[in-house]
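Report on one structure; see the data block that follows.
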Amino acid sequence: MFVRGLKRKCFDGEEDIEGTLAGIKAIPSYNLQRQSLLDMSLVKLQLCHMLVEPNLCRSVLIANTVRQIQEEMTQDGTWQMINTQSTGQGSLDRLVSTDILCRSSREQAEGKHVLGYSTFNKDFEADQAQDSSETMSTTSSEQAPRNLQSNVWEMENLQENKGNFQKSLDQIFETLENKSSNSVEDLFSEVDNSYYDLDTMLTGMMSNTKMGHCDGLETFSSPTTTASNSNCKSDLNELDHIVEILVES
Amino acid sequence: LTGLANLMQDVLWCFSQVKGTIDVGVAEADIISTVEFNHSGELLATGDKGGRVVIFQREQESKNQPHRRGEYNVYSTFQSHEPEFDYLKSLEIEEKINKIRWLPQQNAAYFLLSTNDKTVKLWKVSERDKRPEGYNLKDEDGRLRDPSMITVLRVPVLRPMDLMVEATPRRVFANAHTYHINSISVNSDYETYMSADDLRINLWNFEITNQSFNIVDIKPANMEELTEVITAAEFHPHHCNTFVYSSSKGTIRLCDMRAAALCDRHAKFFEEPEDPSNRSFFSEIISSISDVKFSHSGRFIMTRDYLTIKVWDLNMENRPIETYQVHDYLRSKLCSLYENDCIFDKFECVWNGSDSVIMTGSYNNFFRMFDRNTKRDVTLEASRENSKPRAVLKPRKVCVGGKRRKDEISVDSLDFGKKILHTAWHPAENIIAVAATNNLYIFQDKVN
C-alpha cells in the first residue's frame with residue numbers, strides 16, 4: 001500500500017525547513033502533534049477490519065502508544081471531562097467515535113461518573129431504535145456533533161451490553177482454544193448478537209479526513225508540560241477499553 | 001587489489017546469481033517471505049506469500065570452471081500451504097510461508113518444516129533415480145498380465161531413470177495455535193521442535209501430530225490487559241532444554257524446560273535500560289524485537305529491533321555487549337514511518353558460520369554487515385544493476401544531511417517499498433542469500 005510515492009511522502013527533517021518557504025509555516029505545537037498522533041493511531045486500529053486477521057503485535061503496539069498518549073494527556077490536564085463543553089474549534093473534527101462503546105467495568109467499580117462524550121465523528125450515527133444492543137448503523141450524510149446530554153441514556157444502555165459483548169468475545173476465544181469442544185452449536189449459541197453489531201459499527205467508522213500529515217511531527221521528541229485546554233476527551237478508561245476490544249477483534 | 005583486500009581483511013562480495021522475474025509489476029504471491037540454508041549449505045529453501053516452497057541445490061564444483069563456485073539451481077518446487085478460511089471467525093488464513101527450518105540430514109532424504117500462520121508441516125524431499133522393471137504380474141505399461149500366460153518367473157531389477165525429486169508432506173501439525181505463528185525452531189535432540197505464536201509457544205514431537213505441549217503462555221486472563229506479545233523464539237543450538245523468546249517490549253527471556261512444565265517463569269531476563277534522552281512515543285515500537293538468533297557457539301544471542309542489532313552474552317542480562325546501528329538516520333523519520341506502517345516491518349538477522357560477522361536488511365534493497373572483531377561495517381545493495389557475473393558490490397552510503405557526495409543517496413530518496421527482511425548465510429562459507437521482494441540474490445566472496 002505504500003510502495004509507490006513513498007519517497008515523496010517521507011518528510012524532510014528539520015534541516016530542510018530552514019530558509020525555505022516551508023520554514024515560514026510554524027512547526028505545530030507539541031499538543032497538536034500529540035493529538036495528531038493519537039488520531040492516527042486510532043484510525044490505524046480501526047482499519048483492522050480486513051479479510052485476514054489483523055496483526056496482533058501491530059495492534060498491541062499501537063494500542064500501547066494510544067495509552068501512553070492518554071496517560072500523558074491525563075497527567076498534564078488536557079484530558080478533561082466534557083462537562084466544561086469548552087471544545088475548541090479544531091477538535092470538533094477530531095475522530096473520537098470510539099466513545100460510543102461501553103465504559104470499562106473498572107471505571108464503574110471506581111464509581112467514576114463520566115459526564116459525557118466528546119463530539120462524534122460526523123459519519124457515525126447511533127441507532128436509537130434498538131434498545132438492548134449497541135447496534136450502530138452508519139450513514140454517509142453529514143452530521144453535526146450531537147448534543148452531549150442526549151447521549152447519556154445511550155451510554156447507560158451500552159454499559160449493560162458491554163458486559164455481554166465482552167463475555168461473548170472471551171467465550172469465543174476460550175472455545176476456540178478448547179480443542180475438544182464437542183459441539184459447534186454450543187459455540188454459536190453463546191455468541192451474543194452484539195458481537196456482530198460491533199463488527200458492523202467498526203466497519204462504518206470512517207477515518208478522519210485530516211489524517212496523514214506529519215509536517216513537523218518529525219521533531220516530536222520527549223514530552224514537555226504545556227498547559228492546554230484546547231482538547232476535551234472522554235474518559236481515559238473508556239477509550240482504553242475500546243482499544244482493547246479493537247485489539248481483540 | 002587482492003593484496004589490499006587481504007591487508008584490510010575485508011571480504012569483497014560479488015554478485016553470483018539472481019532468481020525471479022524482472023517484471024515491473026510484482027505478483028503478491030511471488031514475494032519471498034523466508035530464506036534458509038540447510039545444515040550443510042547444499043540446499044537453499046525459499047518460501048513465498050503464495051504458499052510455495054522452492055529449493056535450490058548447489059551444483060558440484062567442476063574443475064573446468066573453478067571460478068563458478070557451485071551455483072544454486074532449482075531442485076524442487078512444491079505448494080506447501082493453501083489458503084484456508086476460518087469459518088468461525090470469518091477470516092482468511094493466509095498461505096504465506098512464515099518460516100522454513102531444515103532438519104539435520106539423517107539419510108538420503110531431506111526434511112524441512114514449513115509453517116504459515118496456523119499450521120506447521122513436515123516435508124520429505126527425496127530423489128528417485130531408479131525404477132523397478134520386470135514385474136511378473138504386470139507388464140511395463142502397468143497392465144495386468146493374464147496369469148495363465150505366465151510361464152517364467154523373473155526378479156524385478158532396478159533400472160536408472162531420469163532424476164525425479166519428490167516432495168511429500170509427512171506430518172501436518174494443525175489446530176494448536178489460536179494466534180499467528182511467527183517462529184519454529186528444531187531442537188538439538190532432533191526429536192522435538194517448537195512453534196511460537198503471539199501469545200503461546202508449543203512443543204511438538206515430530207512423530208505426534210494430534211498433541212503438543214504448551215510451554216509458554218503469556219495470554220492474560222483478561223485480554224484487556226494485553227500489552228506484550230511474543231515476537232520470536234529459538235532453541236539453544238546445543239542444550240535441548242533451553243530456549244529463548246523475545247517480546248514486543250524489547251525483552252528476551254531464556255527458559256529452561258527442566259524447571260517446570262510451563263515455562264512462564266524465565267531463567268534469565270535480558271533487557272537494556274531505556275535511554276531517557278531518546279524517549280518518544282515511538283520508543284516502545286522501535287524497541288520491539290523482530291528476530292532473535294543464537295550464535296552457532298550458543299554463547300550469544302543476537303536481537304534485531306527497528307533501528308539496531310544487539311549482541312547479548314548469555315551470562316549478562318542487564319545490557320547487550322554490542323550494539324550496532326543499522327539505519328539510525330531513520331530515527332528522525334519515525335512519525336512518517338509510523339504513518340505508512342514501515343515502523344512495523346520485521347527485519348531478520350543472521351550470523352555467519354564463525355559468528356564473527358552479522359547481517360541484516362534495510363530499505364532501498366540495502367543490507368548491512370557488521371564485523372564483530374574489526375568493528376567495521378558495510379552497506380551493500382541487491383539490485384539488478386549490480387548483476388553482472390562476479391561483479392564486486394560497491395559499498396553504499398546514505399547521506400544524512402548537508403552536502404551529498406556523488407555516490408551517496410539521501411535519506412529522502414530511499415525507496416521504502418524495497419525492503420530486505422529476509423537473508424541467509426551459508427553455514428560454512430561466505431555465500432549469502434538475500435531476498436528482495438520477489439527476487440533472490442546470491443552473493444559470494446571474491447575468489448582469488
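A, B, ... follow the sequence lines: proteins, then strands. Residue 1 opens every chain.
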Next on the checklist: Walk me through whether A:Asn64 and B:Glu228 qualify under side chain to side chain contact (heavy atoms under 4.5 Å, CB included).
Outcome noted: CA-CA 9 Å; A:Asn64 289 351; B:Glu228 189 174 13; over 6 Å; no

Checklist entry - Residues in salt bridge (charged side-chain N to carboxylate O under 4.0 Å, His left out) with B:Glu274, at least two apart? => result B:Arg279

Report the distance from atom [atom1] of [X] to atom [atom2] of [Y], rounding to the nearest 0.5 Å.
X	Y	atom1	atom2	answer
B:Ser248	A:Arg58	OG	CZ	14.0 Å
B:Phe281	A:Arg34	CZ	CZ	6.0 Å
B:His180	A:Leu56	NE2	CG	8.5 Å

Can you name the nearest heavy-atom pair linking [X] to [Y], along with the distance?
X	Y	value
B:Thr231	A:Cys57	CG2-SG, 4.1 Å
B:Cys335	A:Met40	SG-CE, 4.2 Å
B:Glu339	A:Lys44	O-NZ, 3.0 Å

Checklist entry - Considering residues at least two apart in sequence or located in another chain, which fulfil the ring pair (Phe, Tyr, Trp, His ring centres under 6.0 Å) criterion with B:Tyr338? => result B:Phe282, B:Phe344

Checklist entry - Counting only heavy atoms not in B:Phe213, do more than 12 sit closer than 6.0 Å to its CZ atom? => result no

Item to check | Side-chain heavy atoms of A:Leu61 within contact of B:Glu284, under 4.5 Å | outcome: yes

Next on the checklist: Heavy-atom cut-off 4.5 Å, strictly under: side chain, backbone, both or neither for B:Lys96 against chain A?
Outcome noted: neither

Item to check | Proximity breakdown for B:Ile230 and chain A, heavy-atom pairs closer than 4.5 Å | outcome: neither

